[in-house]
Every structure is written in C-alpha cells, then in structure tokens.
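Presented below is the structure to which this report refers.
Order of appearance sets the numbers: ligands from 1, and atoms from 1 within every ligand.
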Amino acid sequence: MSTLLETPLVCFLTGDGISTELNAFAARALRIAIPGALLEEAPAGFATFGAFGTALPAESLAAARRADACFLVAVGSPMVPTSGYRSPIVTLRCELDLFANIRPVQSLPQSGGKVDLVLVRENTEGMYAGRETTQPGRCVAERVITERASRRIARFAGQIAQKRSGRVTIVHKANVLRETCGLFRTTAFDELEKVGGLQVDELLVDNAALQLVANPERFDVLVTTNLFGDILSDVAAHAGGGLGLVTSANLGSPGQGGSLFEPVHGSAPDLVGTHRANPIATLRAMAMLVRHLGFEEEAQALEAAINHTIVHGPCTPDLGGEGTTASVSEAILARLYAHLSNSLSTDPS
Ligand code: NAI
Ligand code: MG
C-alpha cells in the first residue's frame, strides 16, 4: 500500500458467541500495533437481530462503509427459517462488494510441515445468493454463477499466485453441474491464461477435499465457488492446526477501500464461557488487517508473537495445552508490545 494512514478508522462488528470473549483482545492488539487507530463498535449478529429486528442495522452498515477496514470474529446464525434474518457477513460481503475471500493455511511452525496454501473463495454468489423457495414437500435453492464474478475471482487468485510459486488449482464439480460449474471452470481457465505465467490445473471438489487432507503440500493457490470454498476452508484448516488458527480477509477491487477481516471459524457456542477458545485465528485476522492498512512491520511483529506462542506456549486445549483464551492472548500481546516498544518506540496508552 502506498499511503499510510496514521489514524485509520476500524469498524468492530460485535458478533455472537465467543466473539464476546475475543473482541477485547483483538482491539488491544490493534491499539498496540497502530496506536493512532480509531475504533468504532457496531452491533451485528444474531443477538443484534434479537434486539433490533435486523442482524445488521443501517447504522452498522454505514459504519462499515466509512471505515478503512472492518473486523468481525463471528456470528451465530439460526438453522431454521427465521423471517427477516440474513447473515450480516453475507450482507457485508455483498454490500461492500468484497468478492474475494482469501484464506491462507500454513503448517504449525514447529511441525516442520510444508503446507503453505491460499484458498481463494468467490464471496458474492453461488449457493449464497439467498434465493430459496418453498412449496409443500419441495424446496429449491438457486445457485447463481456469473461469468463476471468467475472472471474477477480467477484474476484475483492469479494475481496472488504470481507473487507466490505461480500454481493455481481450479476447484469445481463441472462433471455434474455442467452449466454452473462449467461456466466457472471455463471462465477461470480463460482468465488465468490471460494473467499469464501460471501453472494451472483443476480438481473436482470431492477429490480436492481428499487431497487437502492427504496431500496438502501439493497446493499453492486454490480458487473455487462460494459454498465449496466455505467447506474446503474448514477441511484445509486441519493442515494448519485446526479452526482455532486459520483466518481470512474479505477484499474487493483494489482502490475501492472496503475490507473485512475475520477468523474462518464460527461463533463456537460449545466453547462459550469455557475459556478454551483459541484466540490465534482472531489475532491472525487482526494481523492481516494491520498489514492491509499498510503497517507491514507491525503485522509481522504480531505474527511473530503468535508463532512464538504457538511453539513455546501457553496454548489452548485444541493445541494440546492448558492455557486459556486470556493467558494465550496476554502472552501474545505482551510479546507484541515488547517488540514494538523496542523497535518503534510506540506507546499504546
Ligand atoms: P464453529 O466454527 O463455530 O465451530 C466448529 C468447531 O470448531 C467446534 O468444535 C468449535 O469448538 C471449534 N472451534 C471454533 N472456533 C474455535 C476456536 N477459536 N478455538 C478452538 N476451537 C474452535 O462452527 P459451527 O459449530 O458449525 O457453527 C456454530 C455457529 O457459528 C453457527 O451458528 C454458524 O452459523 C456460525 N458460523 C459463523 C461463521 C462466521 O461468522 N463467519 C462461520 C461458520 C459458522
Ligand atoms: Mg465455514
């Protein structure tokens, strides 16, 4: 990024479930990394729906629009038809046109593994178009795939691959969904050819799921449609140490400004109040946000503090440790603060 905003405005969407336990640590990481950052809290999620009758009040959407970046841990969405409810994340992705969901996965630092992949998920259409109809005994979901969305997500993936080892795998199910996945497949091949200089291959989504478990080292960049990307990112998370560690950026066209950073995991209702939620996915999302705002050294310092803590502890039970959400977060924040106050003379007060 060429211009550095000394006082970027970050919109914190409140979320549900373990968000309540993680938000404060994410905010503190931001304040240490970018002391001039301005934080604006905005209600969003299922609790917000209960209170306001909408999961994303107009004021929250406006706050997200005016922010330089948005942050959200997770929302909890109902599993039964709920009149008036729409996931605020899906709404934000569409309203801010955050069409690219970037989900990096790397082996745990101490594992000696060689997994280093980026899953690029189309974020605005597919099965998430939200067009479902119900008749007695029969329900229909519309899967929308457009050439425009397929082209721009393939280009985005190709540009990421150009900065890496240049390999892209197109993931689809065109052997069954010959029209929708067929359009995605041919458009992605065409666009990646135009990007140029890439090694492009393809996998059917079921085989891609197997390969992500059996042979994740083989991947560099994967590009796929919305629902496949959602499912495959949880599968890929396994190679990165689990859902407590993997994170994502929702981005739009360069220069359009909008962005939303979030861990891959959900609101984890099973962990609420147990102090077992791993804060690392959330803090890694914050590191991506800090980098996106142009603070590369601070982002690296946060990532280094996270990796040091993964190796030396404390760790939450999902990584085999006995640490808590708070003890892991405090260890990372202390290390980040010590590093930045030494190297940059920052003052988080
Ligand atoms: P989930 O991602 O919340 O949990 C799946 C599994 O991963 C659970 O066993 C949970 O304990 C574990 N896990 C999640 N976060 C963790 C963390 N930080 N540390 C350690 N373990 C962690 O997905 P689930 O259970 O399928 O859905 C729960 C709720 O979350 C649902 O209401 C769903 O709609 C919502 N959801 C929201 C998402 C979002 O806001 N982007 C994404 C996925 C689900
Ligand atoms: Mg998911």
For [X] and [Y], test the side chains for any donor-to-acceptor distance below 3.5 angstrom and give the result as yes or no.
{"X": "Thr316", "Y": "Arg276", "result": "no"}
{"X": "Thr124", "Y": "Glu122", "result": "yes"}
{"X": "Asn207", "Y": "Gln211", "result": "yes"}
{"X": "Thr225", "Y": "Arg143", "result": "yes"}
{"X": "Arg284", "Y": "Asn307", "result": "yes"}

Ionic contact status for Asp190 with Arg151, cut-off 4.0 Å: yes
Between Glu296 and Arg291, is the closest basic N to carboxylate O distance under 4.0 Å? yes
Does the plane of the ring in Phe261 sit parallel, tilted or perpendicular to the ring in His292? Use 30° and 60° as the thresholds.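 Tilted.
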Over 60° means perpendicular and under 30° means parallel, so tell me whether His308 and His312 are parallel, tilted or perpendicular.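 Tilted, since the angle between the ring planes falls between 30° and 60°.
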May I have the N/O to N/O pairs between ligand 1 and the protein that fall below 3.5 Å, each with atom names and distance to one decimal?
from, atom 1, to, atom 2, distance (Å)
ligand 1, 2 (O), Gly266, N, 2.6
ligand 1, 3 (O), Gly266, N, 3.3
ligand 1, 3 (O), Ser267, N, 3.4
ligand 1, 3 (O), Ala268, N, 2.8
ligand 1, 9 (O), Asp270, OD2, 3.4
ligand 1, 11 (O), Asp270, OD1, 3.2
ligand 1, 11 (O), Asp270, OD2, 2.6
ligand 1, 18 (N), His265, NE2, 3.3
ligand 1, 18 (N), Asn278, O, 3.0
ligand 1, 19 (N), Asn278, N, 2.9
ligand 1, 30 (O), Ser267, N, 3.0
ligand 1, 30 (O), Ser267, OG, 3.2
ligand 1, 32 (O), Ser77, N, 3.0
ligand 1, 32 (O), Ser77, O, 3.4
ligand 1, 34 (O), Ser77, N, 3.4
ligand 1, 40 (O), Val75, N, 2.9
ligand 1, 41 (N), Glu262, OE1, 3.2

Have a look around the Mg ion (ligand 2) and list protein N/O/S atoms under 2.8 Å, or say none. Asp230 OD1
